Q: 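Structure incoming, see below.
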Amino acid sequence: MTQADPIANSFDEWTQLLEVVVGRAEHYTEHHVDTSWRLFFFDNVAPILGNTGPSQPLLQIPEQLVDELNEDIAGLVDTLTGCGVNVLRPAAPGKAVDIRTPQWDARATPPLNVRDQTIILGNTIVETAPHVRARVFENDLLKPIFYRYYAAGSNWLSMPRPALTRDSLDDAYFRRRGVDVSRAAEGEAALGIDGLGLEMIFDGAQCMRLGCDVLVNVANVNHELALRWLRENIPQLRFHRLDGIADNHIDSVIVPLRPGLLLLRSPEYLPFLPEAMRSWDVIYPPPTDEPEPDYSGFGFVVPIASRYIDINVLSVNEDTVVVNSHYPELVDLLEKRGFTVAPVRHRHRRLFGGGFHCFTLDTVRAGGCEDYMT
Ligand SMILES: NC(=[NH2+])NCCC[C@H](N)C(=O)O
């Protein structure tokens, strides 16, 4: 008898992982650095914009780096499989693809950071509303997987697809900090739509799930619209607004490891957390002796993730964590705290904007809608 496909069931970040989607990087040969991309990564890429910035909209990624990334992803897949987890993969794009809508065109991003465009909330698959134009059709490559869960009885929802016109994105997060982001809009070629202002725009990686509670980073009006959508469409969960804790994603800021214990970028984030979590035990990222990666020899020098991307770990269960072997200090610290660490090599996490949490979508875990806040 063959085993029936499971229903999606994922309420948290740490109960026993049973099934996971691991992203893929084939044909990740360039970043399309249009306005939506520059604004999304502004914190990281600001130094290269403007006079010294790339004049080409396509920023080539050397093939050797993509090959090495693929080797490291294969290591992640082997490790998860070795832990008894069923690993699913998105469909491969087959070739580099150009996409075109009535308002803009872009070179499509492959489905590598599968955490970003979807959030699994219990038995419900929620497709979110991309910030970056190049990512608007990314989830199509996950649809074979979503239909499999749908056939098994999962619910499947999607936020309204944003048109991502020239007027859709809110820069309030930066304005509030006195940062001028006008350089991000240089050369903007997208059209507008009369009467359409700021849209609902939001990535799954802005959420962190803790049973029946979900932390949600809201840094601007785009995100506010999405928080309202989440509350109205998933009334059975409690969504806690974290006010502008980051520009967008929060999985290199706060990573819960089990009830009562979290990895946190620094103590300055504590006051943003819900009251009940402020007394949780916290592990802060230890200093590292690992040298900053030097890509100058490749003519490609744009880190699109901060050094904190290495706290972006993936928990297999409450005791077992997949950690980048290039951060041995974190491996040691977690082992000292009683964890079993599965070290996996991940060399180019700062060039592709994601660690192991970003590269994965944990669709089936053992836990349920528990209250971990009391
Ligand atoms: N799900 C993700 N893609 N997360 C990545 C977040 C990276 C974060 N902006 C940083 O620079 O550290």
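It should be emphasised that the depicted structure is a prediction, and the values quoted were computed from it without experimental measurement. Counting starts at 1 for both ligands and their atoms, in listed order.
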Q: Going by distance only, is there an N or O of Ser252 that falls short of 3.5 Å from an N or O of ligand 1?
A: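 It does: an N or O of Ser252 is found under 3.5 Å from an N or O of ligand 1.
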Q: Among protein heavy atoms, which lies nearest atom 1 (N) of ligand 1, and at what distance?
A: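 For atom 1 (N) of ligand 1, the nearest protein heavy atom comes out as Asp116 OD1, 2.8 Å.
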Q: Which ligand 1 atoms, with their elements, are less than 4.0 angstrom from a heavy-atom of Ile309?
A: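 So the atoms of ligand 1 that pass are 5 (C), 7 (C).
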Q: Classify the ring geometry of Trp156 against Phe146: parallel below 30°, tilted from 30° to 60°, perpendicular beyond 60°.
A: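 Ring orientation of Trp156 relative to Phe146: perpendicular.
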Q: Would you mind running through ligand 1 and noting each atom that sits below 4.0 Å from a heavy atom of Ala305?
A: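 Selected atoms, number and element: 11 (O).
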Q: Given that the side chain starts at C-beta and the backbone is N, CA, C, O, which of these parts of Arg265 lies under 4.0 Å from ligand 1, counting heavy atoms, or is it both or neither?
A: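 Near ligand 1, Arg265 shows its side chain, while the N, CA, C and O stay back.
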Q: Does any N or O atom in Asp251 lie less than 3.5 angstrom from one in ligand 1, N or O only?
A: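 Between Asp251 and ligand 1 (N or O atoms, distance only) the closest approach is under 3.5 Å.
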Q: Please assess Asp310 against His326 for the test side-chain hydrogen bond (donor to acceptor under 3.5 Å, both in side chains), listing each intermediate value before the final yes or no.
A: CA-CA 8 Å; Asp310 279 337; His326 277 284; over 6 Å; no
Q: Can you report which non-hydrogen protein atom sits closest to atom 2 (C) of ligand 1, along with the distance?
A: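 Result for atom 2 (C) of ligand 1: Cys358 SG, 2.8 Å.
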Q: In this structure, would Phe41 and Phe174 fall into the same cluster of hydrophobic residues linked by side-chain contacts under 4.5 Å?
A: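 Same cluster: Phe41 reaches Phe174 through Ile, Leu, Val, Met, Phe, Trp or Tyr contacts under 4.5 Å.
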Q: From the options His27, Glu30, His32, select the one residue that forms a side-chain hydrogen bond (donor to acceptor under 3.5 Å, both in side chains) with Arg107.
A: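 With Arg107 as partner, His27, Glu30, His32 yield a single side-chain hydrogen bond (donor to acceptor under 3.5 Å, both in side chains), made by Glu30.
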Q: Could you tell me if His223 and Asn217 have a donor-acceptor pair between their side chains, going purely by distance under 3.5 Å?
A: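 No.
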Q: Salt bridge between Arg241 and Glu224, side-chain N to carboxylate O under 4.0 Å?
A: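 So Arg241 pairs with Glu224 through a salt bridge.
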Q: Between Asn44 and ligand 1, find which residue part has any heavy-atom pair under 4.0 Å and reply side chain, backbone, both or neither.
A: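 Looking at Asn44 and ligand 1, just side chain atoms fall under 4.0 Å.
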Q: May I ask you to say whether Arg115 pairs ionically with Asp362, meaning some side-chain N is under 4.0 Å from a carboxylate O?
A: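 Salt bridge between Arg115 and Asp362, a charged N being under 4.0 Å from a carboxylate O: yes.
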Q: Checking the N or O distance criterion of under 3.5 Å, is ligand 1 in contact with Gly353?
A: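 Yes: some nitrogen or oxygen of Gly353 is under 3.5 Å from one in ligand 1.
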Q: Kindly state whether the ring of Phe359 and the ring of His346 have centres lying under 6.0 angstrom apart.
A: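 Ring-ring flag for Phe359/His346: true, centres closer than 6.0 Å.
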Q: With only distance considered, is Ser306 within less than 3.5 Å of ligand 1 through an N or O on each side?
A: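 It does: an N or O of Ser306 is found under 3.5 Å from an N or O of ligand 1.
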Q: Got an N/O contact under 3.5 Å between Asp247 and ligand 1?
A: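 For ligand 1, there is no N or O atom that lies under 3.5 Å from one belonging to Asp247.
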Q: Could you list the atoms of ligand 1 found under 4.0 angstrom from a heavy atom of Ala205?
A: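 Heavy-atom distances to Ala205 below 4.0 Å select 1 (N).
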